[in-house]
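Notes to accompany the following structure.
Because the structure is a prediction, the values reported are computed rather than measured.
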Amino acid sequence: MENFLKELGIKEVNSGAYDGDWIKKPGGKELISINPATGKEIARVIQADENDFERIVKKADEAFKTWRMVPAPKRGEIARQIGNELRKHKENLGKLVALEMGKIQPEGEGEVQEMIDIADFSVGLSRQLYGLTMHSERPLHRMYEQWHPLGVIGIISAFNFPVAVWAWNAMIAAVCGDTMIWKPSSKTPLCGIAVQNIIHDVLKRNDASGVMCMVVGAGRTIGEKMIGDKRIPLVSATGSTRMGKRIGEVVGARLGNCILELGGNNAVLVNEDADLDMATRAILFGAVGTAGQRCTSTRRVIVQESIADDLINRLKKAYTQVNIGDPLDENTLMGPLIDQDAVDVMMNALDLIKKEGGEIICGGKALTDGKYAGGFYVEPTIAIGNRSMQIIQDETFAPIVYIIKVKDIKEAIEVHNDVPQGLSSAMFTTNLLSAEKFLCHAGSDCGIANINIGTSGAEIGGAFGGEKETGGGREAGSDSWKAYMRRQTNTINWSPELPLAQGIKFGD
């Protein structure tokens, strides 16, 4: 086994249940983690069963009673220590992300840097959990609001960002005074186990055992238990729109809260006055980075007809320079898809493109021979499409980008908004008026809208999330912390009288 795996605490057989300590013999079935670059086994995980889940919930719930009383700046100090531990293990954890998920190592290390960044952000946040003071209409009364921790938070993360999404939620929730249970993707369980190993000593030496728990298990059992548990007032989930609808239904039925980060069908609008060199580079990274398996990946390029041929030729040339291969090889720009199912989904989508009258002009093949044997490799693909095609309405989690030609900015914005999803968007233009039109009320309907940068690569300082079938949730920066707390309005009467609001008289 690779040395970096041993340094991260990854063994041939691992426990997938953690409540402050590793549960040595979880009751669930064995799960095999597969390297998508080779199709070979990395290591095995013994999953949790429902009894293990119950034990973990009880531990997190009990820890909350103590953790919520720890001053927020002291909770922030623990976040700082976690950030420092992540710095020590950045390269090794980044390698594991590349090995188990398939994104190239620089992207894997970039994901760990996001974890470090949100830890740093949370340190400052721990001294800024502010409320407002309002003027009361009643004399000698003071009215204000304050924020309290919610309780045990459920975190469900997806395979494509197997560690960063946990940190977006966990660092914020921790400084807010919540405890948490993380259910990592069953496709990338080793990443979750490595993170718990990294933070274990920090939690122990700060007497914070049970604050950050983890459970590896199937969605139909452990996932359903988590979303249906009334002891978990908030579930933050990243995944497909289909999954999000199920979570929203179950959590909503018990009047719980959700943060849902779901599908994206992100577009780059390229105006005739755009810098095409810049636009080409942004589209290439947005569509090909992480093999198109980001929720913010560029799926559509909406380009004005006058420059469409020029942009297409630039993209085709750029695509021929993409080196596909082992994500741990420093010369690789695109690694594999996560598994064979993902390859099949992409191939089916390409068939639908042809059936609906689209044209594949670059790529479009599964790579199975030679150095690709055993892995889940595909060629990044460019297709010509139009807004009436059903396949363009759907999110295909693969490196396919559709070129859609339009006459003007008005049509471009209409086409852009004419999909069910609303996560990330971008426009390339050197015209200030066009940029402002895209960012105004009648412009992009997405949660993220950029000018002269691509759809992918958000910074943690801003709130991350989208609208429509993307779920409406927000994570990371800005005031996203409010989702992890409950608001309380307080009024203090320091007068000898008892005046009622609205001037109501009631008895003598």
Side-chain angles (χ1 to χ4, degrees), residues 107 110 264-292 294-323 333-334 358-363 379-387 392 396 398-419 421-440 443-459 466:
E107 288 189 75
N265 194 350
N266 316 293
V268 171
L269 281 62
V270 185
N271 292 358
E272 57 188 3
D273 54 31
D275 181 327
L276 291 187
D277 285 338
M278 185 183 293
T280 300
R281 292 197 304 272
I283 294 166
L284 181 68
F285 175 70
V288 174
T290 322
R294 292 182 175 220
C295 52
T296 55
S297 289
T298 302
R299 312 277 178 211
R300 299 174 294 146
V301 173
I302 303 168
V303 56
Q304 290 187 21
E305 293 172 337
S306 60
I307 57 166
D309 290 343
D310 189 359
L311 179 64
I312 289 169
N313 289 334
R314 289 168 183 261
L315 287 172
K316 289 169 68 174
K317 181 179 179 181
Y319 269 52
T320 63
Q321 299 170 11
V322 174
N323 187 23
L333 284 182
M334 191 182 102
E359 179 186 3
I360 295 170
I361 61 172
C362 182
E379 292 178 337
T381 302
I382 303 173
I384 303 295
N386 61 73
R387 66 187 297 184
I392 292 180
T396 303
I400 305 173
V401 69
Y402 306 100
I403 307 294
I404 304 170
K405 301 176 184 179
V406 295
K407 295 179 181 179
D408 53 29
I409 294 175
K410 182 177 181 294
E411 184 183 3
I413 293 175
E414 289 176 355
V415 172
H416 172 273
N417 292 346
D418 189 27
V419 294
Q421 309 84 0
L423 179 53
S424 186
S425 60
M427 173 184 279
F428 280 81
T429 181
T430 55
N431 186 307
L432 177 63
L433 300 183
S434 298
E436 290 294 339
K437 183 175 292 187
F438 184 64
L439 300 178
C440 80
S444 169
D445 62 1
C446 292
I448 299 168
N450 301 324
I451 300 296
N452 293 331
I453 63 171
T455 61
S456 195
E459 299 179 30

Report yes if some heavy atom in the side chain of [X] is under 4.5 Å from a heavy atom in the side chain of [Y]; otherwise report no.
X: N271; Y: F438; value: no
X: H416; Y: C446; value: yes
X: N452; Y: D275; value: no
X: L284; Y: V322; value: yes
X: L311; Y: I403; value: no
X: I404; Y: I392; value: yes
X: N450; Y: T455; value: no
X: T396; Y: Y402; value: yes

_Pairs meeting criterion salt bridge (charged side-chain N to carboxylate O under 4.0 Å, His left out) with involvement of residues 297-306, two or more places apart_ =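 Applying salt bridge (charged side-chain N to carboxylate O under 4.0 Å, His left out) to every pair that reaches into residues 297-306, excluding sequence neighbours, yields R299-E395.
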
*What salt bridge (charged side-chain N to carboxylate O under 4.0 Å, His left out) pairs are there with at least one residue in residues 308-317, not counting sequence neighbours?*
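Passing the test, one end in residues 308-317: D277-R314, D309-K405, D310-R314.
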
Considering all heavy atoms, the nearest [X]-[Y] contact:
X: T381; Y: G363; result: OG1-C, 3.8 Å
X: G454; Y: F428; result: N-CZ, 4.1 Å
X: L423; Y: C295; result: CD2-O, 3.2 Å
X: S297; Y: N266; result: O-ND2, 2.8 Å
X: S434; Y: M427; result: O-SD, 3.5 Å

Does [X] reach the main-chain N or O of [Y] with its side chain, forming a donor-acceptor pair under 3.5 Å?
X: N417; Y: D445; result: yes
X: T430; Y: D273; result: yes
X: E107; Y: G289; result: no
X: N431; Y: L433; result: yes
X: T429; Y: V270; result: no

For the [atom1] atom of [X] and the [atom2] atom of [Y], what is their distance to the nearest 0.5 Å?
X: C362; Y: I312; atom1: SG; atom2: CD1; result: 11.0 Å
X: F285; Y: R294; atom1: CZ; atom2: CZ; result: 4.0 Å
X: I413; Y: S444; atom1: CD1; atom2: OG; result: 8.5 Å

*Take T296 and S424 through the side chain to side chain donor-acceptor pair (under 3.5 Å) test and state the conclusion after the steps.*
CA-CA 6 Å; T296 55; S424 186; 5.8 Å; no

*Atom CD of E459: over 12 foreign heavy atoms under 6.0 Å*: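 Open: at most 12 neighbouring heavy atoms sit under 6.0 Å from CD of E459.
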
*Listed by chain and number, what are the salt bridge (charged side-chain N to carboxylate O under 4.0 Å, His left out) partners of E411, not counting sequence neighbours?*
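E411 satisfies salt bridge (charged side-chain N to carboxylate O under 4.0 Å, His left out) with no residue once adjacent residues are dropped.
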
